[in-house]
Amino acid sequence: EFARRAKYIIIHLDETESLLLHLGMSGRLLFDGPPQGRHEHLTFHCEGGTVLRFVDPRRFGLLLLAERSGLASHPRLAGLGVEPLSPTFDGALLHRRFAGRRSDVKAALLDQRLVAGIGNIYACEALFRAGISPRRRAGGLGRRRCERLARAIVAVLEEAIAAGGSSLRDYVDADGRAGNFQNEFRVYGREGEPCPGCGTPVRRIVQGGRSTFFCTRCQR
DNA sequence: AACGCTTCCTGTTCGC
DNA sequence: TGCGAACAGGAAGCGT
């Protein structure tokens with residue numbers, strides 16, 4: 001029995017215990033298939049013969065055994081922000097969560113305590129679609145911009161999920177299949193290429209140690 | 001509080 | 001070809 005919160009995969013083992021799993025940057029969870037070599041850190045042999053392999057070359061991932069009853073208050077899960085695909089997420093909520101934040105809106109989108117589950121790719125893509133500069137202060141965004149951003153976040157996530165996710169290198173689903181959304185990136189990873197909106201070369205900057213890709217003309 | 005920088009680790013790509 | 005540098009889907013932990 002599987003669940004998810006933010007970027008954590010939750011596997012309910014029985015009535016009392018659950019696994020908390022995070023793939024980090026390079027993690028994979030693979031059902032069956034051949035052994036994966038030295039980066040296969042944990043292998044589950046399930047009832048019925050199914051094998052589940054946790055593979056993570058960079059070891060930024062996480063796998064914890066947790067009490068099911070205490071999951072909501074687990075240190076890793078408590079404090080996570082709203083799920084962007086939940087019905088309660090909208091521009092007004094984003095506006096409230098951003099209020100008073102002095103950091104760049106790009107950094108705020110990556111802050112899992114504000115909105116949960118947005119990573120570097122989808123932060124860049126959502127800001128592009130919303131026409132908002134990643135360098136804008138989060139707390140300075142007005143309601144209208146927050147509404148546009150909220151809609152862009154939902155659209156990007158839904159499209160990415162429908163496309164099976166984004167595979168830069170490592171990511172594959174549990175059946176070993178790569179995603180396709182990387183073919184739909186409008187700015188991420190496209191430094192120097194023409195913006196799909198206006199042709200201006202896409203710029204890359206670094207914010208909080210992470211690459212940000214954006215169009216200086218379309219995103220204000 | 002909230003912020004920004006550093007760190008964890010391995011693999012791949014890029015420029016000389 | 002070899003070799004170091006830069007870079008990569010994340011987020012905790014640390015100072016300030």
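Order of the sequence lines sets the chain letters (A, B, ...), proteins ahead of strands, with each chain counted from 1.
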Q. Where the side chain of A/Arg38 is concerned, which of C/dC7, B/dC3, B/dT10 is the nearest nucleotide?
A.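 That would be B/dT10.
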(Q) Quick check for you: among C/dG10, C/dA11, C/dC7, whose closest atom lies nearest to any side-chain atom of A/Gln112? (A)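 So the nucleotide nearest the side chain must be C/dA11.
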Q: Give the C-alpha distance, both sets of side-chain angles, the deciding distance and a yes or no for side chain to side chain contact (heavy atoms under 4.5 Å, CB included) between A/Leu65 and A/Leu19.
A: CA-CA 5 Å; A/Leu65 189 61; A/Leu19 283 173; 3.9 Å; yes
For a quick check of understanding: with a heavy-atom distance under 4.0 Å over all strands, which category does [X] fall into, base, sugar-phosphate or nothing?
X        : value
A/Phe181 : nothing
A/Arg28  : nothing
A/Gly24  : sugar-phosphate
A/Asp170 : base
A/Arg101 : sugar-phosphate
A/Arg137 : nothing

Rounded distance (Å) that lies between atom [atom2] of [N] and atom [atom1] of [X]:
X        : N      : atom1 : atom2 : result
A/Leu168 : C/dC7  : CG    : P     : 15 Å
A/His22  : B/dC9  : NE2   : C1'   : 16 Å
A/Leu80  : C/dA12 : CG    : C1'   : 13 Å
A/Leu62  : C/dA11 : CG    : C1'   : 10 Å
A/Arg113 : C/dA11 : CZ    : C1'   : 10 Å
A/Arg76  : C/dG10 : CZ    : P     : 15 Å
A/His41  : B/dC9  : NE2   : P     : 12 Å
A/His74  : C/dA12 : NE2   : C1'   : 14 Å

Q.
Using the P atom as the point on both nucleotides, what is the distance between B/dC9 and C/dC3, in whole Å?
A. 24 Å
Q: Decide, applying a 5.5 Å centre-distance limit and a 30° plane-angle limit (both strict), whether A/Phe60 stacks on C/dG10.
A: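 Here the ring of A/Phe60 and the base of C/dG10 are stacked, with centres under 5.5 Å and planes under 30°.
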Any donor and acceptor pair, going by atom type alone, linking the side chain of [X] with main-chain N or O of [Y] inside 3.5 Å?
X        : Y        : answer
A/Ser167 : A/Gly179 : yes
A/Arg5   : A/Leu80  : yes
A/His12  : A/Arg68  : no

(Q) Could you report the tightest heavy-atom contact between A/Leu157 and A/Pro84, atom names first, then the distance? (A) CD1-CG, 3.5 Å
Q) Within the modelled atom types, does a donor on one side and an acceptor on the other bring the side chain of A/Arg58 and the base of C/dA8 under 3.5 Å apart? A) yes
Q.
Within the supplied structure, the quantity of interest is the number of heavy atoms (other residues, nucleotides, ligands) at a distance under 6.0 Å from A/Arg113 CZ; does it exceed 12?
A. no
Less than 4.0 angstrom between a side-chain N/O of [X] and OP1 or OP2 of [N], yes or no?
X        : N      : value
A/Arg210 : C/dG10 : yes
A/Ser211 : C/dA8  : yes
A/His39  : B/dG11 : yes

Q: Using heavy atoms to find the nearest nucleotide of DNA chain B for A/Ala107 and A/Arg169 separately, return the residue whose nucleotide is more 5′.
A: A/Ala107
Q | C/dG4 - base-pair partner by Watson-Crick or wobble geometry, distances under 3.5 Å | A |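 Pairing partner: B/dC14.
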